[in-house]
Amino acid sequence: MPAERMAENAENTERPEHTGRPEDATGSAPPARPLDAIDQDILRMLQADGRASIRSVAERVHVSRANAYARINRLVEDGVIRGFGARVDHERAGQSTSAYITLKIVQNSWRTVRDQLRRLPGASHIALVGGDYDVLLLVHTPDNRALREVVLTRLQAIPEVLSTRTLLVFEEEDLEPQG
């Protein structure tokens, strides 16, 4: 959102819009600028409360609203802040079955597999890992039948997936950011 509009709404809880990761001509993000103590404090605040207003952020880190706005905007533009969202209780949201799924994939197929995993219903986290497996996938589904569909139908249909192992989550807790 333009700075003028932000200034008009300084008393509201508006934040800069997420513009996505900056990319250069090669398609890769430039290196992030170093973060100082104030940037780190702003990150901790926004992790704890992504709805914090510019005014409250500025007051808590002892800078002007314009400075807080500029810092948050830079953190967004640099890709340090990837967006603002809600922390969801998956069970209360009707996704009562969660599982970590490990995958062995064809060598050098990470990007292809990642693109297909992004489209899986309930996929929440995807990581390329080292060790006995290549990929770690976290999914949330309404029930075991839906999880079975994801694993046995959707994942097994991806040609680059050589094998899977499913680890059913019995209980989970998101760690709250320290702030």
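Nothing fancy with the numbering, it's 1 onward along the sequence.
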Quick check for you: to the nearest 0.5 Å, what is the distance between [X] atom [atom1] and [Y] atom [atom2]?
X: N73; Y: I54; atom1: CG; atom2: CD1; answer: 8.0 Å
X: Q47; Y: R87; atom1: CD; atom2: CZ; answer: 9.0 Å
X: I72; Y: M45; atom1: CD1; atom2: CE; answer: 8.0 Å
X: D89; Y: E172; atom1: CG; atom2: CD; answer: 8.5 Å

Please enumerate all residues that pass side chain to side chain contact (heavy atoms under 4.5 Å, CB included) together with [X], with sequence neighbours excluded.
X: N108; answer: none
X: S96; answer: E91
X: T166; answer: A99, I101, L147, V151
X: E59; answer: R55

Worksheet item: What is the minimum heavy-atom distance between L46 and A52, and which atoms define it?
Response: CD2-CB, 4.2 Å
Worksheet entry | Residue pair A127 / H125: nearest heavy atoms and the distance that separates them | CB-NE2, 3.8 Å
Item to complete: Please collect all salt bridge (charged side-chain N to carboxylate O under 4.0 Å, His left out) contacts where either partner lies in residues 146-157, sequence neighbours excluded, each pair once.
Response: none
Considering residues at least two apart in sequence or located in another chain, which fulfil the salt bridge (charged side-chain N to carboxylate O under 4.0 Å, His left out) criterion with [X]?
X: D36; answer: R71
X: R118; answer: D115
X: D41; answer: R44

Fill in: With S163 via side-chain hydrogen bond (donor to acceptor under 3.5 Å, both in side chains) - residues at least two apart
none
Joint hydrophobic cluster, [X] plus [Y], side-chain heavy atoms closer than 4.5 Å:
X: F84; Y: L75; result: yes
X: L167; Y: V150; result: no
X: L155; Y: L152; result: yes
X: Y100; Y: L168; result: no

Donor-acceptor pairs under 3.5 angstrom involving side-chain atoms of residues 128-141: please list them, not counting sequence neighbours.
{"unit_1": "Y133", "atom_1": "OH", "unit_2": "R165", "atom_2": "NH1", "d": "2.9"}
{"unit_1": "D134", "atom_1": "OD2", "unit_2": "I105", "atom_2": "N", "d": "2.7"}
{"unit_1": "H140", "atom_1": "ND1", "unit_2": "S98", "atom_2": "OG", "d": "2.7"}
{"unit_1": "H140", "atom_1": "NE2", "unit_2": "H90", "atom_2": "NE2", "d": "3.3"}
{"unit_1": "T141", "atom_1": "OG1", "unit_2": "T97", "atom_2": "O", "d": "3.4"}
{"unit_1": "T141", "atom_1": "OG1", "unit_2": "D143", "atom_2": "O", "d": "3.1"}

Response to the item:
For residues 33-66, the ring pair (Phe, Tyr, Trp, His ring centres under 6.0 Å) pairs (sequence neighbours left out) are none
Item to complete: Spell out, as yes or no, whether a donor-acceptor pair under 3.5 Å connects the side chain of S53 to the backbone of S56.
Response: yes
Worksheet item: Can a salt bridge be assigned to the pair D39 and R33 using a cut-off of 4.0 Å between side-chain N and carboxylate O?
Response: no
Worksheet item: Linking Ile, Leu, Val, Met, Phe, Trp and Tyr through side-chain heavy atoms less than 4.5 Å apart, which residues share a cluster with V88?
Response: none
Fill in: Side chain to side chain, I42 and L35, heavy atoms closer than 4.5 Å
no
